[in-house]
Amino acid sequence: MQPVPSNVVLLVEDEPHILFLLSEYLAGEGYQVLQADSAARAFEILATKPRLDLLISDYRLPDGVSGVMIAEPALKLRPDLKVIFISGYPIEIYETGSDLARAAPVLAKPFSLDSLRSQIQQLLAD
């Protein structure tokens, strides 16, 4: 019997294989994972789920939407939400000029699951 997940993670990733892999990994680590394969689905979850602890978002998403474009309004609604960006092009995140992009952790793809785990633990411990 698995423990009841203590933290809720919204995972935003448009690549199905990565979304599946990360979701399975996070669920195995004891997190409740909500999956979004697009910005529209991410905003739907943000609008309807009463509790979210962590947003993990890819930077480059379909239709010219970025992870920063999801995270900034999400933080206005939920100021305590923690954010991690993942990207194959991490320099683009820093080039947005967003304060959030400079403050939030960025994991460059490919990254190890151990580095993801330690980053999550560090953020959620704060």
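The first residue of the sequence shown is numbered 1, and numbering continues consecutively from there.
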- Message: Can you tell me how far apart CD1 (Ile18) and OG (Ser23) are? Round to the nearest 0.5 Å.
- Response: 11.5 Å
- Message: Going by the rule side-chain contact (heavy atoms from CB on, under 4.5 Å), which residues pair with Ser66 if we only count those two or more places apart in sequence or in a different chain?
- Response: Tyr59, Val68, Met69
- Report the C-alpha separation of Ile56 and Leu116 in whole Å, then their side-chain angles, then the decisive distance to 0.1 Å, and conclude whether the side-chain contact (heavy atoms from CB on, under 4.5 Å) test is met. CA-CA 10 Å; Ile56 301 174; Leu116 177 62; 4.2 Å; yes
- With side chains defined as the heavy atoms from C-beta onward, is the minimum distance between Ile86 and Lys109 less than 4.5 Å? yes
- Task: Report yes if the side chains of Ile84 and Leu55 come closer than 4.5 Å at any heavy-atom pair, otherwise no.
- Result: no
- Check ion pair Glu44-Lys49 (N to O, under 4.0 angstrom): no
- Task: Check whether any side-chain heavy atom of Val12 lies under 4.5 Å from a side-chain heavy atom of Leu10, and answer yes or no.
- Result: yes
- Query: Of the non-hydrogen atoms in Leu124 and Asp53, which two are nearest, and what is the gap between them?
  - Reply: CD2-O, 4.0 Å
- Value for OG (Ser115) from CD (Gln119), rounded to nearest 0.5 Å, stands at 8.0 Å
- Compare all side-chain heavy atoms of Ile91 with those of Glu95 and state whether any distance is below 4.5 angstrom. yes
- Message: As an exercise, state the distance from CD of Gln35 to CD1 of Ile45, rounded to the nearest 0.5 Å.
- Response: 8.5 Å
- Is any side-chain heavy atom of Pro105 less than 4.5 Å from a side-chain heavy atom of Leu123? yes
- Query: How far apart are the C-alpha atoms of Ile70 and Leu46, what are their side-chain angles, what is the distance that settles it, and do they pass the side-chain contact (heavy atoms from CB on, under 4.5 Å) test?
  - Reply: CA-CA 9 Å; Ile70 295 170; Leu46 285 163; 4.1 Å; yes
- Query: Is Glu13 reaching over with its side chain to a backbone N or O of Glu15, donor-acceptor style, under 3.5 angstrom?
  - Reply: yes
- Query: For Asp114, what residues pass the side-chain contact (heavy atoms from CB on, under 4.5 Å) criterion, not counting sequence neighbours?
  - Reply: Ser112, Arg117
- Determine whether more than 12 heavy atoms belonging to other residues, nucleotides or ligands lie under 6.0 Å from atom CZ of Phe111. yes
- Message: Starting from Val9, can I reach Leu113 by hopping between I/L/V/M/F/W/Y residues whose side chains sit under 4.5 Å apart?
- Response: yes
- Task: For Leu19 and Ala36, work out which heavy atoms get closest and say how close.
- Result: CD1-O, 4.2 Å
- Item | Residues in salt bridge (charged side-chain N to carboxylate O under 4.0 Å, His left out) contact with Glu72, at least two apart in sequence or another chain | none
- Message: Is there a side-chain contact (heavy atoms from CB on, under 4.5 Å) between Asp14 and Ser38? Walk through the geometry before answering.
- Response: CA-CA 6 Å; Asp14 63 313; Ser38 67; over 6 Å; no
- Message: Return the CZ to CG distance between Arg51 and Leu81, rounded to the nearest 0.5 Å.
- Response: 11.5 Å
- State, yes or no, whether a side-chain contact exists between Phe85 and Pro90 at a heavy-atom distance under 4.5 Å. no
- Query: Passes side-chain contact (heavy atoms from CB on, under 4.5 Å), Glu24 versus Val33? Steps please.
  - Reply: CA-CA 9 Å; Glu24 289 294 306; Val33 182; over 6 Å; no
- Query: Taking all atoms of both residues into account, what is the closest heavy-atom pair of Gly97 and Arg102, and its distance?
  - Reply: O-NH1, 3.2 Å
- Message: Testing the basics here: between Asp58 and Ser87, what is the closest heavy-atom pair and its distance to 0.1 Å?
- Response: OD1-CA, 3.8 Å
- When clusters are formed by joining ILVMFWY residues with side-chain heavy atoms under 4.5 Å apart, either directly or through shared neighbours, do Leu26 and Phe20 land in the same one? no
- Message: A side-chain contact here means heavy atoms from C-beta on lying under 4.5 Å apart; do Leu21 and His17 qualify?
- Response: no
